[in-house]
Protein chains: 2
Amino acid sequence: MAVAPPRPKDLPLSALRAFEAAARLESFAAAAVELGVTPGAVTAQVKGLEAALGAALFERTARGVRLTAVGARALPGFVAAFDAMAGAVQVLRAEAAPQTVHIATLPAIAQLWLSPRLPDLRAAAPEIVVSITAMEAAPNLKRAPYDLSLFPGASGMLLAPEVIFPVCSPGLAARLRGPEDLAAVACLQDATWAEDWAVWAAEAMPGQRFTPRGPVFSLYALAVEEAAGGAGVLMGHEALVAGHMARGALVAPFGTRVTLAQGLRLWSARPLRPGSAVQRVAAFLAGQGWPA
Amino acid sequence: MAVAPPRPKDLPLSALRAFEAAARLESFAAAAVELGVTPGAVTAQVKGLEAALGAALFERTARGVRLTAVGARALPGFVAAFDAMAGAVQVLRAEAAPQTVHIATLPAIAQLWLSPRLPDLRAAAPEIVVSITAMEAAPNLKRAPYDLSLFPGASGMLLAPEVIFPVCSPGLAARLRGPEDLAAVACLQDATWAEDWAVWAAEAMPGQRFTPRGPVFSLYALAVEEAAGGAGVLMGHEALVAGHMARGALVAPFGTRVTLAQGLRLWSARPLRPGSAVQRVAAFLAGQGWPA
DNA sequence: AAGCTAGGGTCAGAAAAAATGAGGCTGAAT
DNA sequence: ATTCAGCCTCATTTTTTCTGACCCTAGCTT
C-alpha cells in the first residue's frame with residue numbers, strides 16, 4: 001500500500017562528464033574532441049546541466065568559455081571522481097582480460113619500433129595479447145584505457161634516446177658530398193616532427209639558414225619508405241630507421257648526429273604489479289637494447 | 001591531413017552504475033529500485049557490460065545473483081568512484097543553490113513534527129528554501145541528494161526520544177478504565193510501526209497476549225486524524241501526537257509510557273560548514289526543545 | 001505433489017536521450 | 001575588412017534505455 005516514491009532524479013552522468021571535460025580543458029571544443037563527439041553535443045549537455053541546477057557554470061565569450069565561480073568550486077570534486085572512475089574501469093578491464101595489454105603510441109613508433117619487436121614478444125610470452133593503438137599525442141593515462149604509453153618525452157622510462165640525422169637511399173647518398181648539397185635534393189619532412197630539419201641544420205650548418213624543400217608526410221613510416229625508394233633525404237630518427245639501415249635500404253650520408261633532449265619513453269598508467277602481463281610487457285620493452 | 005582517430009570507446013557510465021548498484025546490493029531487483037528502473041533494465045545494462053568486457057560479472061541462480069571473482073575485485077573501486085561522484089554532485093548542488101536545504105524524512109515525521117516547525121524556521125531564516133522529501137526508509141546519505149535526514153535511529157543527533165503510549169479522543173477515553181478494555185475497541189495500527197502495540201503491551205500488560213484488532217494505516221498522519229475523530233485507540237509517538245494532545249484533540253487514557261531505544265535523530269551528509277544554510281537549519285531543528 | 005513466490009531472463013516496441021549537421025553570431029588577430 | 005576560432009541553435013536522425021508482458025527456475029508451503 002506504500003505510495004510510489006516520487007524521488008528527485010539525480011543529475012545525468014553524461015552531462016557531468018561533459019561538464020568535467022569542458023571545465024578541465026576550459027573549452028567546449030577540446031572537450032568534444034576528448035569525448036569523441038561534436039561541439040554541439042557538449043553545448044547541449046552542459047546547457048542541460050545548467051538548466052537542471054538553475055545556475056550558470058560557464059561564462060561564454062566569443063573566444064571561448066570560462067568557468068564561473070560556482071563551476072570552479074565544483075570542478076575539483078568531479079576531476080577526482082572521474083579519475084577514480086577511470087581507475088576502477090582499468091581495474092575492471094584488467095580483471096576481465098588479465099592477459100591483454102593495451103599500448104598507446106605514435107603511428108611511427110608503432111610501425112617502425114614496436115612492430116618489429118612484437119614477434120620476439122609473442123615468442124617470449126605467447127599467452128599475452130598485445131593491443132596497440134596509434135594516436136597523435138600521448139593520452140592522459142589517468143583516463144584513457146591504456147596500460148602503457150610509448151612516446152617521445154622527458155620523463156618515464158627511457159627506451160631509446162632520440163638521435164636524428166639525415167638518411168637516404170645508397171644511390172642518392174653517392175651524390176651528396178656535404179650538407180650544402182641538400183639544397184639540390186628533395187628533403188622529405190614529417191608533419192609530426194616539423195622541427196627536425198631546423199634542429200639538425202643548426203648543428204650541421206651553423207650560421208646558415210636552411211629551409212628544407214620537399215614533400216611533407218603525415219605518416220613517418222611512409223616517408224621512410226619513400227626515402228628508401230630514393231625519393232629524397234629524410235631526417236631519420238635512429239630508433240625508427242635502424243631496421244632499414246641494418247639491411248642497407250637507408251644510409252646516413254653525413255656524420256652529424258643530433259641527440260634530442262627527449263627520448264622514446266615508456267609510461268604506465270599505474271604501478272606495475274610484479275608478474276602481471278603489463279609488467280612483463282614493460283620489462284620486455286625496457287630490455288630491448290639498441291642494436292649498434 | 002591527420003587520420004580520424006578510431007579510438008576504442010570507453011564503457012558506458014550507466015552500465016557501470018547498474019553494475020555498482022547490483023554488486024553492492026547483491027541483487028538486480030534491489031538495484032532496480034535504487035536506480036528507479038525496472039529489473040529488466042538492470043539486466044540489460046549488466047549484460048551489455050559483461051558483453052563489452054568479455055567476462056561474467058555475476059553468477060545467476062534462480063534465487064538471485066552472486067558476484068564472480070572478477071566482479072568482486074572490481075567492485076570496491078566503483079563504490080569509491082560513485083561515492084566520490086555523489087559527493088561532487090552534492091558540492092555542485094550546494095554551490096548552485098546555496099540557500100536550499102534538502103531534508104529526507106518519514107512521511108509521518110514530515111507532517112507531524114517537521115511541518116509544524118517550518119513557520120518558525122521561515123520566520124527565523126526567510127532566505128532559506130527548505131525542500132522536504134518523504135520516504136519510507138533512511139536514504140544512503142553518501143549517495144542520495146539530501147543534506148539532512150530525520151529518522152528514528154540509534155546514532156546521529158537526538159532531536160526527541162521515542163516515547164509511545166496509547167492515545168484516543170477524549171470521548172473514547174472516558175469509556176476506558178484500563179488496558180484490558182482495549183480488547184473491546186478498535187486499535188489503530190500503522191504499517192511503519194507494526195510492532196508498537198506488542199512492545200507497549202509487553203510493558204503494560206505483562207504476561208498477557210495482546211493482539212490489536214483494528215484498521216491498519218500506511219500513513220500515520222491519517223491514523224492520527226482517525227483517532228482524533230474517535231475511530232479508535234492509536235499507539236501514539238509522543239513527538240508526533242504532541243500537537244494534537246496540546247490542543248486536546250487526543251488524550252492518553254493510560255499512564256504506561258514506553259521509551260524506545262531509538263529516537264528521532266538528525267544526520268547530515270557531510271560536515272556542516274559554519275554559517276551555511278544547512279548548518280543553520282540543523283541548528284534550528286536541534287534547538288527545538290520538546291514542549292512538556 | 002501441486003501451488004506459490006521471489007528473483008532473473010528475454011523480447012518487441014516505445015520513449016527518452018544524445019548526437020549530428022548545417023547555419024549563425026561574435027570578437028580577436030591579421 | 002577579412003578571416004577564423006569557438007560557441008550557439010535547431011530540426012532531424014540515431015542510439016540508448018526503459019518498459020511491459022511473459023517465461024523460467026528453485027525453494028517453500030499447503
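Lettering follows sequence order; numbering is per chain, from 1. When reading the values below, keep in mind they use all heavy atoms of this one structure, side chains included, and skip hydrogens, waters and symmetry mates.
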So, is A:T43 near the phosphate of D:dC8, with a side-chain N or O under 4.0 Å from OP1 or OP2? yes
Hey, are the side chains of A:P107 and A:E136 touching, using non-hydrogen atoms and a 4.5 Å cut-off? yes
Using a 3.5 Å limit on both distances, find every run of at least three consecutive Watson-Crick or G-U pairs that involves DNA chain C. C:1-30 with D:1-30
Looking at side-chain heavy atoms only, is the closest gap between B:R17 and A:L13 below 4.5 Å? yes
How many whole angstroms separate atom CZ of A:R66 from atom P of C:dA28? 12 Å
The side-chain hydrogen bond (donor to acceptor under 3.5 Å, both in side chains) partners of B:R143 (sequence neighbours excluded) come to B:E20, B:D83
Tell me, do A:V101 and A:V129 make a side-chain contact under 4.5 Å, heavy atoms counted? no
Mind listing the N/O atom pairs, protein and nucleotides 11-19 of chain C, below 3.5 Å?
residue: C:dA18; atom: OP1; partner: A:S14; partner atom: OG; Å: 2.5
residue: C:dA19; atom: OP2; partner: A:Q45; partner atom: NE2; Å: 3.0

What residues, two or more places apart in sequence or in another chain, satisfy ring pair (Phe, Tyr, Trp, His ring centres under 6.0 Å) together with A:H237? A:W193, A:Y220
Counting primed atoms plus P, OP1 and OP2 as sugar-phosphate and everything else as base, spell out the protein contacts along nucleotides 22-30 of chain D at 4.0 Å heavy-atom distance: B, S or - for each nucleotide, 5' to 3'. ---BSS---
In whole angstroms, the gap separating C1' of D:dT9 from CZ of A:F28 amounts to 14 Å
The ring pair (Phe, Tyr, Trp, His ring centres under 6.0 Å) partners of B:F78 (sequence neighbours excluded) come to B:F19
Could you pull out all residues at least two apart from A:R213 that satisfy side-chain hydrogen bond (donor to acceptor under 3.5 Å, both in side chains)? none
side-chain contact (heavy atoms from CB on, under 4.5 Å) against B:A21, all qualifying residues, sequence neighbours excluded: B:R24, B:A31, B:E34, B:L35
N-O pairing of A:R60 and A:E50 below 4.0 Å: yes
Taking the side chain as every heavy atom from C-beta outward, state whether A:L141 and A:P139 have any atom pair closer than 4.5 Å. yes
Enumerate the residues from residues 48-61 of chain A whose closest heavy atom to DNA chain D is under 4.0 Å, giving them by residue number; use none for an empty result. A:R60
For A:Q189, the side-chain contact (heavy atoms from CB on, under 4.5 Å) test, sequence neighbours excluded, returns A:W197, A:P212, A:V216
Can you sort out the partners of B:E95 under side-chain hydrogen bond (donor to acceptor under 3.5 Å, both in side chains), two or more places apart, ordered by chain and number? A:R73
With B:A29, which residues qualify under side-chain contact (heavy atoms from CB on, under 4.5 Å), at least two apart? B:S27
